[in-house]
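Model, not experiment: these values are computed from the prediction.
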Amino acid sequence: MAPQQFRTLQGTSSATFKPPPTDGSLDLLEIYDFHAKYSPEHPIFRYMDENERAETIYWEEAARAFHVAGQLVMASTESNEEVLVIGILATLDIITYYTLIIGIMHAGYIPFLISTRNSDAAVAHLLKSTNTRYLFVSKDAAMQNLANSAISKLNEESGKTNEIEILTCPVFDDFFKPQAGDFEPFLSRKKGGMDETIIILHSSGSTSFPKPISISHRNFLDQGLEQYYAEIDFCGEIVSITACPMFHITGAILIPRTAMTGIVVAAPPPINPPVIPTPENIFKNVIITQCTMLIVPPWLLEEWAKDPVKVEVMKSFSNIGYAGGPLSQSCGNMLAGKGINLSPIYGMTEMGSMIHYRRKPAPEDWGYFELAPTIDSVLIPVEGIDNVFQLICKKNKFRIPSVLNTVIDGQPALDTKDLLIRHPTKHGLFQGYGRADDQITHSTGEKTNPGPIESLLLTDKRIASAIMFGRSKFQAGVLIMPSNDWVFEPSDLVKLSEYRNMIWETVQRANAIAPQHSRIFKELIVVAHPSKSLEMTPKGSPRRQISLKSYEEEIENAYKAVEESSQPHIRVPATWDMLSVMVFVSEVVNDALGFKVNDDDDFFRMGADSICATYIRNTITRVMRDTNIVSVAVIRSLPPDFVYGYSSIATLSKFVYDITANAHALETGNEATAQDKYDDPEGDYVWPKMSQVGETILQVRKGKGEPPLMAIHGAGGRVDAFVHFQQKFRSALWLLQVTPDLPRNSLREHAEHFYKKIKELRPHGPYRLAAYSGSHFIAFLIVEMLLRDGEEVIQMSLIDHSPSFMFSGLSQDAAYQVDPDADSEIVDIKDSNFRELFKERIVNALYAYGAREGRTHVLQAYYDAWKGRPAPNHFVEMSKTFKIYADQVWDFVEQLPGYRSFEGGSGERSWERALFAVEEWLKTIKVPVTVYVASYGVIGGVKDEVEREKWSDLGVCRCFPDARVVHLDTGHFTILSNETIIQDLQVGYI
């Protein structure tokens with residue numbers, strides 16, 4: 001194409017990106033090598049590393065990795081065939097997947113990208129249809145089993161052994177490990193023609209079988225050139241596709257676009273196995289990689305929209321495109337009303353992207369798109385529906401559909417089967433309306449073809465009509481009209497449950513042939529009312545759209561019920577011992593999945609999705625609530641994503657057991673719980689989401705006018721560990737937590753932030769403070785500030801830790817006693833190596849505390865987060881806060897006058913010098929102190945009996961001779977649920 005036809009040339013003003021030729025003189029792979037030479041320092045990928053820092057891969061490094069991938073593919077294959085198709089069936093990170101695709105191309109072969117959500121029969125069909133000879137499969141059991149089962153089906157059908165060889169997928173380091181010496185391109189391939197196939201994708205798979213779609217070199221490159229007709233120069237824009245799999249066109253299309261426009265792909269961390277995407281980790285990745293644009297499925301936007309903080313952040317992106325399905329009207333209106341630039345991304349595998357990219361659409365038009373100017377579109381009016389058209393795309397010199405299935409005006413064309421509704425006043429704008437073939441597009445972008453499923457349901461004599469629904473919803477459901485002999489009033493919930501159970505075997509047979517996103521859950525079976533019959537066609541089948549419109553309210557109510565759903569037929573544990581809990585959780589998980597998994601299998605890697613996670617969480621919490629094994633407040637305080645954090649039956653069972661065992665030990669049963677509620681005039685406190693901007697202080701108990709006890713978080717920054725304080729306190733209680741708006745530059749700045757927040761809510765004393773675990777320094781700094789301003793502090797409570805004990809060097813839990821003969825440089829608190837060693841030993845100490853309480857499972861998750869391994873998000877944030885706090889403490893101590901003037905006998909020995917400095921400072925603070933010592937808490941790490949007795953007060957009386965010392969038979973974590981401390985902290989105030 002000639003440059004003068006373009007609207008916006010891409011990358012012409014970039015200092016790092018040289019636009020490639022657009023005249024077809026270079027093919028895609030030659031363009032990659034072009035960038036290695038002319039755009040070596042331009043970024044192609046960004047990702048978040050294990051330390052939550054952004055890493056960048058530049059074109060020079062990427063192009064080298066692409067050739068390394070080509071060499072690896074060639075070394076793994078042997079073939080004399082002119083055209084060789086190599087499939088990829090793998091759960092890989094985006095960067096590794098992208099690189100493997102280009103490696104297959106460099107080897108002269110055709111990559112075939114296969115969705116991991118296909119059934120074995122569908123995979124077998126695709127392999128046979130494309131004559132695939134090699135199949136790259138990731139190492140995880142789910143993909144290995146799927147591949148082997150598919151090949152077995154092929155063997156059964158053909159009666160012979162198929163020559164399909166399974167190859168183990170490479171990982172990131174195989175491609176991007178450092179290369180010695182000068183780089184020499186891999187030149188084994190023959191340059192193919194522009195109309196030859198360069199890549200194969202496939203259709204949705206919601207039909208009986210998905211269909212492979214071959215894309216020519218010309219068509220693939222045209223997808224990169226499409227941006228040249230847009231209103232935007234995309235060069236240098238950092239676009240997140242973290243939630244878009246490479247086997248979908250939304251992901252694959254980035255291959256030519258990075259080459260033609262200089263756009264930068266923000267991807268998940270390139271680790272194996274890949275990180276399971278969740279709303280939280282995707283958003284974190286977006287922030288760390290400094291994205292300017294996003295491409296996300298609608299369900300993700302709807303999840304983020306619930307969080308005001310995320311909504312504020314989304315305003316900073318120049319564009320958020322949602323792809324694959326419709327966004328709910330309420331969510332879109334809210335986000336657009338907040339000034340967020342939304343754009344629907346409309347396209348299909350046969351055509352690629354089909355929209356004109358506008359710089360700033362009108363906010364009220366957020367749900368509409370304009371067809372790309374390169375598309376020769378024909379809009380056929382749909383009979384009986386005003387302003388709705390069926391879209392047909394004719395072949396022209398700019399765009400050639402990869403599938404041509406009709407002829408219009410003498411030109412080959414693609415009948416998309418898509419129905420578009422035109423804007424009422426702006427006739428160049430459109431919205432998706434549905435499918436001419438009734439295909440349902442979900443909010444995930446996945447599609448359900450209802451025909452085969454409905455046909456199977458109609459084999460049941462108890463079902464007269466069945467219409468599937470689910471457009472713009474996460475999951476499919478079905479509207480059923482019972483046969484005459486089984487008609488009933490569905491408002492009778494007992495009869496509704498009986499009918500659903502009667503037809504459930506048939507529904508399960510239908511689910512067995514359906515893709516996972518098309519499977520029907522029991523709660524989404526809506527039964528027609530006898531008084532509101534479905535409107536029928538002359539052929540006796542129901543009129544789909546009219547019938548669904550008639551039952552719109554009932555369908556919406558069913559989806560609302562799912563949001564609060566559980567599995568009521570699951571048996572409740574008779575006792576809550578570990579074995580019973582394991583059996584219960586196993587039944588919940590297997591029932592939600594529809595098949596059995598092993599206790600140690602990660603059920604998300606075995607096929608669970610977000611709706612399964614919702615069912616699992618809701619069932620567990622429903623049973624906890626119904627059995628009164630834990631209080632409502634405890635249930636509300638559970639992390640909303642705990643199913644993602646404990647994603648096997650074994651780990652989830654231990655998580656549930658830990659919660660119930662702890663609660664069971666504290667409460668005496670239903671009668672006591674009822675009495676607690678009766679005696680509590682404030683009722684249940686509704687816990688907010690932890691650590692939100694502006695929520696530094698949670699006033700969890702209002703009291704009756706007495707000064708509130710202000711309890712400060714532990715070193716991890718969260719306050720949900722104080723749930724039993726909130727439940728059992730009968731006086732005013734405030735909790736201080738770390739939030740994103742907390743300054744992190746120094747310990748004193750941390751304390752000043754808390755001090756200001758306290759004074760905003762309570763300008764004058766008297767004041768009462770309590771510090772849990774390592775937050776004692778923050779508490780003493782706040783007290784110092786209050787006393788400096790002439791305020792009165794009447795209570796200062798230390799809960800199982802103190803500054804003196806922190807620097808005693810006695811705890812064998814952490815094994816950080818100092819060797820008297822050690823080189824002073826090794827224990828210099830300013831030395832970064834020593835600090836890292838200190839932090840490493842702190843987490844060992846925490847693990848030891850947990851071990852003494854039988855809580856190693858929970859602490860293991862925290863330890864994983866500390867080490868940068870996959871862990872629940874709240875543990876990741878806690879470990880990050882803890883590390884920052886440790887450094888702040890050392891900085892604070894190093895600046896104390898006593899540290900600088902120390903002249904002790906051991907000179908530079910860190911513990912002695914630091915202890916001296918800290919205690920000299922503490923002696924200047926005049927405040928009544930009480931210390932609560934857990935018998936197997938931090939003192940449990942002191943094994944020497946003499947020292948243990950000497951430090952039985954955790955060293956508090958060394959600086960505060962009149963301090964009260966309260967010994968409790970409990971541990972460092974369980975102390976927060978100890979009845980004695982809860983009562984003692986309130987003496988004089990209840």
Original post:
Any donor-acceptor pair under 3.5 Å linking the side chain of Asn281 with the backbone of Ile276?
Top reply: yes
**OP:** Please determine which of Glu280, Glu302, Glu303 meets the salt bridge (Lys or Arg N to Asp or Glu O under 4.0 Å) test together with Lys310.
**Re:** Glu280
**OP:** Answer yes or no: is there a donor N or O on one side and an acceptor on the other, between the side chain of Ser316 and the main chain of Val313, under 3.5 Å?
**Re:** yes
Original post:
How far does CG of Leu342 sit from CZ of Phe317, to the nearest 0.5 angstrom?
Top reply: 12.0 Å
Original post:
Residues two or more places apart in sequence or in another chain: which of them pass ring pair (Phe, Tyr, Trp, His ring centres under 6.0 Å) with Phe234?
Top reply: Tyr357
**OP:** Taking all non-hydrogen atoms of both residues into account, name the closest pair between Arg257 and Ile263 and its distance.
**Re:** O-CG2, 3.9 Å
Original post:
Is a donor on one side and an acceptor on the other found under 3.5 Å between the side chain of Asn148 and the backbone of Asn145?
Top reply: no
Original post:
Which heavy-atom pair separates Asn598 from Ile649 by the least distance, and what is that distance?
Top reply: O-CD1, 4.2 Å
**OP:** Take Ile200 and Thr132 through the test side chain to side chain contact (heavy atoms under 4.5 Å, CB included) and record every step on the way to the result.
**Re:** CA-CA 11 Å; Ile200 302 175; Thr132 297; over 6 Å; no
Original post:
Is there a side-chain contact between Glu50 and Ile271, using heavy atoms and a 4.5 Å cut-off?
Top reply: no
**OP:** Could you tell me whether Glu52 atom CD has more than 12 heavy atoms of other residues or ligands within 6.0 Å of it?
**Re:** yes
**OP:** Measure from the side-chain N and O atoms of Asn285 to the backbone N and O of Ala267, and report whether any donor-acceptor pair falls under 3.5 Å.
**Re:** yes
**OP:** Identify the heavy atoms of Pro256 and Ala252 that sit nearest to each other, and give their distance.
**Re:** CD-O, 3.6 Å
Subject >> Any donor-acceptor N/O pair, Asp307 side chain to Val309 backbone, under 3.5 Å >> reply: yes
Subject >> Glu237 versus Thr292, side-chain donor and acceptor atoms under 3.5 Å >> reply: yes
**OP:** Give the intermediate values and the outcome of side chain to side chain contact (heavy atoms under 4.5 Å, CB included) for residues Arg46 and Gln290.
**Re:** CA-CA 9 Å; Arg46 297 198 87 196; Gln290 299 178 321; 3.3 Å; yes
**OP:** Measure the shortest side-chain to side-chain distance between Leu127 and Ile114 over non-hydrogen atoms and say whether it is less than 4.5 angstrom.
**Re:** yes
Subject >> Least distance between heavy atoms, Val264 atom then Pro43 atom >> reply: CG2-O, 3.6 Å
**OP:** Please assess Met246 against Leu92 for the test side chain to side chain contact (heavy atoms under 4.5 Å, CB included), listing each intermediate value before the final yes or no.
**Re:** CA-CA 9 Å; Met246 286 299 296; Leu92 290 175; over 6 Å; no
Subject >> All side-chain hydrogen bond (donor to acceptor under 3.5 Å, both in side chains) counterparts of Thr116, not counting sequence neighbours >> reply: none
**OP:** To the nearest 0.5 Å, tell me how far Phe283 CZ sits from Thr242 OG1.
**Re:** 12.0 Å
**OP:** Could you check if a side-chain atom of Ile57 sits within less than 4.5 angstrom of a side-chain atom of Tyr47, using non-hydrogen atoms only?
**Re:** yes
Original post:
Considering residues at least two apart in sequence or located in another chain, which fulfil the side-chain hydrogen bond (donor to acceptor under 3.5 Å, both in side chains) criterion with Tyr98?
Top reply: Tyr32, Thr258
Original post:
Is Lys315 atom NZ crowded by more than 12 heavy atoms from other residues, nucleotides or ligands, each under 6.0 Å away?
Top reply: yes
Original post:
Roughly how far, to the nearest 0.5 Å, is CZ of Phe45 from CH2 of Trp59?
Top reply: 7.5 Å
Original post:
Ala243: what forms a side chain to side chain contact (heavy atoms under 4.5 Å, CB included) with it, not counting sequence neighbours?
Top reply: Ile282, Pro297, Leu300
Subject >> Side-chain touch Ile199/Met105, heavy atoms, less than 4.5 angstrom >> reply: yes
Original post:
At their closest point, which heavy atom of Gln692 faces which heavy atom of Thr739, and how far apart are they?
Top reply: O-CG2, 3.2 Å
**OP:** Could you tell me whether a side-chain N or O of His202 sits under 3.5 Å from a main-chain N or O of Ser115, the two making a donor and an acceptor?
**Re:** yes
Subject >> Atom pair CD1 (Ile255) and CG (Leu113), whose distance is rounded to the nearest 0.5 Å >> reply: 6.5 Å
Original post:
Among Ile88, Ile86, Ile104, Leu126, which residue meets the side-chain contact (heavy atoms from CB on, under 4.5 Å) test with Phe112?
Top reply: Leu126
Subject >> Interatomic distance, Met293 atom CE to Asn319 atom CG [nearest 0.5 angstrom] >> reply: 5.5 Å
Original post:
Is the shortest heavy-atom distance from the side chain of Val597 to the side chain of Asn590 under 4.5 Å?
Top reply: yes
**OP:** Kindly compute the distance separating CG (Leu72) from NE2 (His67), expressed to the nearest 0.5 Å.
**Re:** 14.5 Å
Subject >> Residue pair Phe642, Ile659: steps toward the side chain to side chain contact (heavy atoms under 4.5 Å, CB included) verdict >> reply: CA-CA 12 Å; Phe642 72 76; Ile659 294 167; over 6 Å; no
Subject >> Pairwise side-chain contact, Ile345 with Thr250, heavy-atom cut-off 4.5 Å (strictly under) >> reply: no
Original post:
Counting distance only, does the side-chain N/O of Thr619 pair as donor-acceptor with the main-chain N or O of Ile616 below 3.5 Å?
Top reply: no
Original post:
Taking His442 for the side chain and Gly470 for the main chain, is one N or O donor matched with an acceptor at less than 3.5 Å?
Top reply: yes
Subject >> Among Ser647, Ser648, Ser653, the one residue meeting side chain to side chain donor-acceptor pair (under 3.5 Å) with Thr651 >> reply: Ser648
Subject >> Main-chain N/O of Trp866 paired with Lys883 side-chain donor or acceptor, under 3.5 Å >> reply: yes
**OP:** Report yes if the side chains of Arg718 and Glu877 come closer than 4.5 Å at any heavy-atom pair, otherwise no.
**Re:** no
Subject >> Sequence-distant partners of Phe220, ring pair (Phe, Tyr, Trp, His ring centres under 6.0 Å), two or more places apart >> reply: none
Original post:
Looking at residues at least two apart in the chain, or sitting in another chain, which of them share a ring pair (Phe, Tyr, Trp, His ring centres under 6.0 Å) with Tyr134?
Top reply: none
**OP:** Measure the shortest side-chain to side-chain distance between Pro210 and Asn118 over non-hydrogen atoms and say whether it is less than 4.5 angstrom.
**Re:** yes
**OP:** List the atom of Thr99, the atom of Phe175, and the distance in Å for their closest heavy-atom pair.
**Re:** CG2-CD1, 3.5 Å
